[in-house]
Amino acid sequence: MKAPSKRMLMGVGVSPTRYQEVLSLCRYWIQNPAGRGRSIAFLTVHSVMTAVFDPSFRTILNSMDISATDGVPLVWALRSFGFRKQERVYGPDLMLALCEQAARLGHQIFLYGGREQVLEVLQQNLTRRFPALNIVDAYAPPFRAITPEEDRVCIQRILDSGAKLVLVGIGTPKQDRWICEHAGKLPGTIMLGVGAAFDFHAGRVRQAPAWMQRHGLEWFFRLLMEPRRLWKRYMLNPLFLVMWGLERAGVRLIKAESK
């Protein structure tokens with residue numbers, strides 16, 4: 001079973017996939033483990049625009065097995081390029097669907113990211129919602145560069161846990177770099193960069209209302225909630241619209257090959 005071929009957008013490969021396809025691929029990959037870890041990114045306008053100005057990060061995103069349409073503007077972009085039925089594959093929702101599937105099929109989960117208190121509450125909330133869910137371990141990395149020894153110990157901890165799914169919640173682009181760097185060190189696992197999903201499902205951060213999510217305004221809601229932290233992140237949103245318009249007109253400013 002192969003991951004869907006990607007459609008290039010501003011030099012970044014975007015996967016025209018759906019929730020059920022991602023869930024099916026995860027089941028297949030767990031049943032048929034590879035010699036390297038599998039990787040799933042959830043793309044937003046922020047991650048795509050970061051990749052536009054950072055070729056090394058672009059390479060990382062294009063190395064992912066799946067780069068899903070987490071951001072609604074990316075859904076619109078794929079639809080404009082002919083994928084008329086493209087839907088949003090929202091990281092926090094996919095995380096819950098994956099936890100439900102894992103609880104039903106007995107797949108073990110490892111949580112990487114967040115604060116100690118957030119991880120504790122998150123585990124309580126997830127196991128309350130999915131009583132059969134097996135969260136085998138969780139690790140809150142320090143808010144600094146991790147040392148090689150700390151990384152080695154954490155890798156061994158994940159391997160020893162027997163986890164099949166590693167949910168990584170340390171934010172883009174950090175989580176995507178971590179996943180790429182560890183794909184060869186964690187064979188047989190599936191690593192997913194779920195970003196703010198840990199904070200959402202632990203109840204630490206509010207999610208945007210559904211109507212704002214549907215209309216591509218989640219970024220605006222999050223900016224209102226955390227203006228000092230997020231204002232720089234969203235400065236490039238208008239440029240995304242310009243570059244998207246140019247690509248629709250047949251002008252490609254950045255070329256790269258998808259995996």
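Given the structure is predicted, the values throughout are model-derived calculations rather than measurements. FYI, the numbering just counts along the sequence from 1.
- Side-chain polar atoms of Trp244 and Ser80 form a donor-acceptor pair below 3.5 angstrom.
- No more than 12 heavy atoms of other residues, nucleotides or ligands shown are found within 6.0 angstrom of CE on Met235.
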Determine, stepwise, if the pair Arg27 / Leu105 fulfils side-chain contact (heavy atoms from CB on, under 4.5 Å).
CA-CA 9 Å; Arg27 288 197 304 271; Leu105 300 178; 3.4 Å; yes
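- Inter-residue side-chain proximity for Met191 and Ile40 is flagged as unmet; no heavy-atom pair is nearer than 4.5 Å.
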Throw together a table of side-chain donor-acceptor distances under 3.5 angstrom for residues 156-164, partners on residues two or more places apart or in other chains.
{"from": "Gln156", "atom 1": "NE2", "to": "Asp160", "atom 2": "OD1", "distance (Å)": "2.8"}
{"from": "Arg157", "atom 1": "NE", "to": "Asp137", "atom 2": "OD2", "distance (Å)": "2.7"}
{"from": "Arg157", "atom 1": "NH2", "to": "Asp137", "atom 2": "OD1", "distance (Å)": "3.1"}
{"from": "Arg157", "atom 1": "NH2", "to": "Ala138", "atom 2": "O", "distance (Å)": "2.8"}
{"from": "Ser161", "atom 1": "OG", "to": "Ile158", "atom 2": "O", "distance (Å)": "2.6"}
{"from": "Ser161", "atom 1": "OG", "to": "Ala163", "atom 2": "N", "distance (Å)": "3.1"}

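- Of all the heavy atoms in Tyr139 and Pro142, the pair that sits closest is OH-CD, 3.6 Å.
- Hydrophobic cluster membership differs between Met95 and Val168, with clusters built from Ile, Leu, Val, Met, Phe, Trp and Tyr side chains linked at under 4.5 angstrom.
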Determine, step by step, whether Met64 and Asp176 satisfy the side-chain contact (heavy atoms from CB on, under 4.5 Å) criterion, reporting the C-alpha distance in whole Å, the side-chain angles of both residues, the deciding distance to 0.1 Å, and the verdict.
CA-CA 9 Å; Met64 297 288 176; Asp176 307 291; 3.9 Å; yes
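- Taking NE2 of His215 as the reference point, atom CZ of Phe220 lies at 14.5 Å (rounded to 0.5 Å).
- Looking at Ile170 and Gln175, their side chains come closer than 4.5 Å, going by heavy atoms from C-beta outward.
- Summarising the geometry of Gln101 relative to Leu23, their closest heavy-atom pair is NE2-O, 3.2 Å, with the distance given to 0.1 Å.
- Minimum heavy-atom separation, Gln207 to Pro92: NE2-CB, 4.1 Å.
- Val194 places a side-chain heavy atom less than 4.5 Å from the side chain of Phe42.
- Listed here is the closest heavy atom pair of Ser56 and Arg177: OG-NH1, 3.8 Å.
- Salt-bridge annotation for Arg18 and Glu21: absent, with no side-chain N of the basic residue lying under 4.0 Å from a carboxylate O of the acidic one.
- Scored by the side chain to side chain contact (heavy atoms under 4.5 Å, CB included) test, Asp151 finds Ile146, Ile155, Trp178, His182, Lys185 as partners (sequence neighbours excluded).
- Ion pairing of Arg104 with Glu100 is present here, as a side-chain N (NZ or NE/NH1/NH2) and a carboxylate O approach within less than 4.0 Å.
- Taking the ring axis of Phe81 as reference, the NZ or CZ atom of Arg7 stays within 45° of it and closer than 6.0 Å to the ring centre.
- Taking 4.0 Å as the cut-off between side-chain N and carboxylate O, Glu218 and Arg88 count as a salt-bridged pair.
- Taking CE of Met8 as the reference point, atom CD1 of Ile254 lies at 9.5 Å (rounded to 0.5 Å).
- Proximity of Ile60 to Asn62: side-chain heavy atoms (C-beta onward) are nowhere separated by under 4.5 Å.
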Determine whether Arg36 and Asp65 satisfy the following criterion, salt bridge (Lys or Arg N to Asp or Glu O under 4.0 Å), listing intermediate values before the conclusion.
CA-CA 11 Å; Arg36 52 176 287 276; Asp65 291 290; 3.5 Å; yes
Apply the test side-chain contact (heavy atoms from CB on, under 4.5 Å) to residues Gln124 and Arg129: give CA-CA distance (whole Å), side-chain angles for both, the deciding distance (0.1 Å), then the verdict.
CA-CA 9 Å; Gln124 292 172 356; Arg129 185 164 184 169; over 6 Å; no
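- For the atom pair Leu236 CG and Thr50 OG1, the distance stands at 7.5 Å (nearest 0.5 Å).
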Step by step, work out the side-chain contact (heavy atoms from CB on, under 4.5 Å) result for Phe240 and Leu74.
CA-CA 10 Å; Phe240 172 86; Leu74 301 183; 3.7 Å; yes
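- In this structure, Arg79 does not pair ionically with Glu87, as no charged nitrogen and carboxylate oxygen lie closer than 4.0 Å.
- Connection of Val14 to Val75 is not established within any shared hydrophobic cluster, with ILVMFWY side chains joined at heavy-atom distances below 4.5 Å, either directly or through further cluster members.
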